[in-house]
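Everything numeric in this text was worked out from a predicted model, so none of it was measured. Chain naming here is simple, since letters A, B, ... match the order of the sequence lines and numbering starts at 1 in each.
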Amino acid sequence: MSIGLSEQEIIRREALQQLRNLGINPYPAEAYEVNVTTEEILKNYPEDKTLYQNISFAGRIMSRRIMGSASFAELQDSTGRMQVYIKRDEICLGEDKTLYNTVFKKLLDIGDFVGVKGFVFTTQTGEISIHVLELKLLSKSLKPLPIVKRDEEGNIFDGFTDPEMRYRQRYVDLTVNPDLKQIFIKRSKVISTMRNYFDAQGWMEVETPILQPIHGGAAARPFKTHHNTLDMPLFLRIANELYLKRLIVAGFDGVYEFGKMFRNEGMDRTHNPEYTAMEIYVAYRDYIWMMGMVEECLEKVALAIHASSKVTVGTYEIDFAGPYEKLTMFESIQKYTGIDVSELDEAGLRQVCLDLKIETDPSMGKGKLIDEIFGEKVEGNLIQPTFITDYPLEMTPLAKKHRSKEGLVERFELFVNGKEIANAYSELNDPIDQRARFEDQLLLANRGDEEAMATDEDFLRALEYGMPPTAGLGFGIDRLVMLMTNQSTIQEVLFFPQMRTEKKMKVASIADYEALGVPTEWVPVLLKMGFNTVEELKAANPNKVFNDLGGMRKKLKLDITIPSKEVVLEWFA
RNA sequence: GACUUGGUAGCUCAGCUGGUAGAGCAACUGACUCUUAAUCAGUGGGUCGAGGGUUCGAACCCCUCCCAGGUCACCA
């Protein structure tokens with residue numbers, strides 16, 4: 001990374017000034033009429049060649065092939081790339097050929113937005129193109145885009161692939177790798193499909209607080225913040241469960257929320273500090289009903305994205321049509337380890353972990369130990385959608401006790417491609433039991449479990465007023481989108497994955513140099529010469545700096561006056 | 001947090017046992033009226049992630065740090 005402007009950036013800034021000198025506003029304020037997109041042209045023109053004979057089109061210049069007085073360029077709009085054909089004598093009707101010779105050939109660059117008017121035709125080599133009759137600059141680009149070349153088979157040359165640059169500069173990534181847009185279009189479709197399905201059932205989309213005084217509803221480490229006026233600590237939510245259940249208490253039959261959750265934990269290819277969850281609560285239902293709802297909902301999502309319930313993920317073909325396989329937690333452990341852990345006590349479970357070479361620590365209770373065995377031996381095998389049901393009570397403080405099985409709760413998690421994507425309960429609505437469960441969490445916390453859930457007194461008060469039997473579901477949207485778009489990292493399905501901030505090299509401001517008496521126009525030259533701070537400049541030899549200024553003036557072809565030697569010497573005073 | 005791989009021109013990458021920094025694309029100058037990874041001729045462009053050390057000499061060797069990818073740990 002160079003400090004000042006690169007050669008290409010300087011050239012573009014000069015072009016910008018020349019455009020202004022020609023009376024062309026590089027950033028015009030007025031709207032530009034666009035009456036057709038690439039997608040529409042490519043779809044409809046081959047069927048009816050009389051279409052699009054008087055169009056107004058806009059896009060970003062992505063390539064140019066100039067051949068004397070005629071040129072081809074590719075313009076990229078939101079739907080694709082369209083080739084345009086520009087002929088000098090057609091866009092410059094009179095004697096003045098400046099628009100073509102100077103503006104188009106010299107002053108426009110890859111990355112600029114332009115508008116064109118003209119008609120659609122097919123070239124001799126068979127490509128549908130726009131024959132340009134009018135050309136207008138809509139926005140000048142000052143930084144050169146990475147050039148990604150593709151041949152006819154779609155092979156990519158010089159791809160823009162560095163993940164760091166792709167994630168930090170998504171706008172560049174999406175510009176030069178427009179296929180990526182499909183991931184985000186599908187993401188939007190996943191959410192809208194779910195939303196439409198829920199709305200059709202009469203359930204209502206709601207919003208609940210992101211800033212919460214108690215981070216309840218899940219086991220995770222939160223982000224902590226502070227409200228100045230209230231002078232109190234607040235947490236960014238790790239879940240919205242307890243608020244949504246308050247709304248069921250309030251008398252809504254079905255509420256759901258798509259929203260960001262925040263967890264102050266590790267980051268990797270399946271975890272971003274903020275992620276999108278969908279939680280839904282429906283009164284008078286239970287977790288068995290919820291399984292059917294999930295099957296129906298996911299099949300609709302798969303159909304909306306792929307027009308099929310079958311989705312290719314990595315080397316697997318995953319079928320989202322229900323019914324899905326259902327295994328209890330204990331059955332699944334028995335299936336994949338051959339061990340029946342259903343009757344074991346804490347010591348017995350600890351021994352099983354030892355036998356299976358699974359690490360444990362003393363803070364782990366019975367529930368956590370079972371979860372460890374499951375996570376280590378079972379989870380990765382669950383490729384096709386599978387409901388794991390009936391979890392140990394200890395690890396699930398917000399779910400209702402199982403209607404018939406002692407020590408278990410009515411809960412399921414949905415696993416797909418070896419990863420959990422959903423979690424649901426018959427919600428605990430017995431306020432006395434709920435208080436006891438919170439107290440059990442306190443015991444775990446005292447044993448050193450950092451993630452044990454805190455007691456929420458207001459939530460308990462709400463339950464005491466009475467909550468109908470309710471089925472609740474939490475859904476990891478990012479992970480679902482990963483499945484639906486066949487991506488292996490969460491970063492690829494987020495527009496702006498979390499990154500460490502870029503370190504800016506310490507550079508003196510223009511004002512710092514001006515304070516020394518350096519003329520404004522010479523400041524960039526000093527920066528270019530490598531003097532990033534006033535201190536660095538002062539440490540240099542004044543005579544050499546003076547001489548070098550002349551050298552730089554010549555090298556950069558600058559048309560500015562060199563300060564006198566006396567002036568330069570004063571910089572060092 | 002641990003281990004590991006990487007950071008060189010606007011982009012993608014070479015750079016041998018340490019000896020004056022290279023290519024393709026992009027840019028610039030010129031030729032060219034249906035090209036399409038356009039073509040042809042010529043030119044410029046680098047704090048080799050940052051800072052220290054070893055050396056006559058460091059992109060290269062050593063140390064520290066920064067950033068990213070991968071694996072693991074934690075988690076959804």
ask   = With sugar-phosphate meaning primed atoms plus P, OP1 and OP2, does Asn272(A) contact a base, only sugar-phosphate, or nothing at under 4.0 Å between heavy atoms?
value = base
key: Validation row, ring centre Phe415(A) to ring centre Phe374(A) under 6.0 Å   = yes
Contacting residues from residues 67-77 of chain A, given that a heavy atom lies under 4.0 angstrom of RNA chain B = Met67(A), Gly68(A), Ser69(A), Ala70(A), Phe72(A)
ask   = Using atom P of each nucleotide, how far apart are G45(B) and G22(B) to the nearest Å?
value = 12 Å
key: For the student: nearest non-hydrogen atoms of Pro178(A) and Gln76(A), plus distance   = CG-OE1, 3.7 Å
query = How about Tyr275(A) and Arg263(A): does a side-chain donor come under 3.5 Å of a side-chain acceptor?
reply = yes
query = Rounded to whole angstrom units, what separation is found between the CD1 atom of Ile86(A) and the C1' atom of U36(B)?
reply = 14 Å
inquiry  = Heavy-atom nearest nucleotide on RNA chain B for Phe160(A) versus Thr123(A): which residue maps closer to 5'?
reply    = Phe160(A)
All N/O contacts under 3.5 Å from nucleotides 24-26 of chain B to the protein, with atom names and distances to one decimal?
residue: G24(B); atom: N2; partner: Asp158(A); partner atom: OD1; Å: 3.3
residue: A26(B); atom: OP1; partner: Lys149(A); partner atom: NZ; Å: 3.3
residue: A26(B); atom: N3; partner: Gln8(A); partner atom: NE2; Å: 2.9

note = From OH of Tyr171(A) across to C1' of G10(B) the rounded distance in Å is 14 Å
ask   = Using the C1' atom in both, what is the distance from C16(B) to A58(B), to the nearest Å?
value = 15 Å
key: Touch class at under 4.0 angstrom, heavy-atom based, for Glu420(A) against every strand present   = sugar-phosphate
inquiry  = Can you tell me which nucleotide in U35(B), C11(B), U33(B) comes closest to the side chain of Tyr85(A)?
reply    = U33(B)
ask   = NA contact type, Arg88(A), heavy-atom cut-off 4.0 Å: base, sugar-phosphate, or nothing?
value = nothing
query = Within the structure shown, what part of the strands sits under 4.0 Å from Ile421(A) by heavy-atom distance: base, sugar-phosphate, or nothing?
reply = nothing
query = Does Lys106(A) make a side-chain N or O approach to OP1 or OP2 of G30(B) shorter than 4.0 Å?
reply = yes
inquiry  = Between U47(B) and A9(B), how far apart are the two P atoms, rounded to whole Å?
reply    = 8 Å
request  = Send over the distance from Gln169(A) CD to A68(B) C1', rounded to a whole Å.
outcome  = 14 Å
inquiry  = How many whole angstroms separate atom CE of Met62(A) from atom C1' of U36(B)?
reply    = 15 Å
inquiry  = Among A76(B), C28(B), G30(B), which nucleotide has an atom closest to any side-chain atom of Arg263(A)?
reply    = A76(B)
inquiry  = Please tell me if Arg65(A) has a side-chain N or O lying less than 4.0 Å from either OP1 or OP2 of U35(B).
reply    = no
query = Do the side chain of Glu127(A) and the base of U35(B) come within less than 3.5 angstrom through a donor-acceptor pair of N or O atoms?
reply = no
task = Taking only the side-chain heavy atoms of Asp268(A) (C-beta and beyond), determine which of C74(B), G69(B), U12(B) contains the nearest atom.
result = C74(B)
ask   = Does a side-chain N-to-carboxylate-O contact under 4.0 Å join Glu492(A) and Arg166(A)?
value = yes
key: Interatomic distance where CD belongs to Glu376(A) and P belongs to A73(B) [whole Å]   = 7 Å
ask   = Between atom CG in Asp162(A) and atom P in G49(B), what is the gap in whole Å?
value = 14 Å
query = P atom, C63(B) versus A68(B): distance in rounded Å?
reply = 23 Å
message = For C67(B) and Arg500(A) - does any side-chain N or O of the residue sit under 4.0 Å from the phosphate oxygens OP1/OP2?
response = yes
key: Phe412(A) and Tyr287(A) aromatic ring geometry - parallel, tilted or perpendicular at 30°/60° bounds   = parallel
query = Rounding to the closest angstrom, what is the interatomic distance between U12(B) and G69(B) at atom P?
reply = 15 Å
query = What does Met499(A) touch in the nucleic acid at a heavy-atom separation under 4.0 angstrom: a base, only the sugar-phosphate, or nothing?
reply = sugar-phosphate
RNA chain B: 5'-proximal contact among Arg269(A) and Asp109(A) (nearest heavy atom) = Asp109(A)
message = Between Glu164(A) and Arg168(A), does any NZ, NE, NH1 or NH2 come within less than 4.0 Å of an OD or OE carboxylate oxygen?
response = yes
ask   = Of all the nucleotides listed (C11(B), C34(B), A76(B)), which has the minimum atom distance to the side chain of Met165(A)?
value = C11(B)
ask   = P atom, G30(B) versus A23(B): distance in rounded Å?
value = 23 Å
request  = Enumerate, in order of first residue number, the stems that involve RNA chain B, defined as 3 or more consecutive Watson-Crick or G-U wobble pairs with both distances under 3.5 Å.
outcome  = B:1-7 with B:66-72, B:10-13 with B:22-25, B:27-31 with B:39-43, B:49-53 with B:61-65
task = Please state the C1' separation for the pair C28(B) and U17(B) - nearest whole angstrom.
result = 39 Å
Residue pairs fulfilling side chain to side chain donor-acceptor pair (under 3.5 Å) with at least one residue in residues 370-386 of chain A, sequence neighbours excluded = none
key: For atom CG of Leu5(A) and atom C1' of G46(B), their distance in whole Å   = 16 Å
query = Just checking Phe121(A): base, sugar-phosphate only, or nothing, at a heavy-atom cut-off of under 4.0 Å?
reply = base
request  = Please confirm whether the backbone N or O of Leu108(A) pairs with a side-chain atom of Arg64(A), one donor and one acceptor, at under 3.5 Å?
outcome  = yes
ask   = Can you check whether Leu483(A) reaches Val311(A) side chain to side chain, under 4.5 Å on heavy atoms?
value = no
Could you write out each protein N or O paired with an N or O of nucleotides 4-8 of chain B at a distance under 3.5 Å?
none

message = Taking only the C1' atom of each, what is the distance from C25(B) to G70(B) in whole angstrom?
response = 29 Å
key: Out of A27(B), C34(B), G70(B), whichever nucleotide has its closest atom nearest the side chain of Ile11(A)   = A27(B)
query = Just checking Gly159(A): base, sugar-phosphate only, or nothing, at a heavy-atom cut-off of under 4.0 Å?
reply = sugar-phosphate
Interatomic distance, Lys140(A) NZ vs A27(B) C1' [rounded to whole Å] = 12 Å
Pair up each side-chain donor or acceptor in residues 84-93 of chain A with any protein partner under 3.5 Å, not counting sequence neighbours, and list the distances.
residue: Asp89(A); atom: OD1; partner: Lys97(A); partner atom: NZ; Å: 3.1
residue: Glu90(A); atom: OE1; partner: His131(A); partner atom: NE2; Å: 2.3
residue: Glu90(A); atom: OE2; partner: His131(A); partner atom: NE2; Å: 3.3

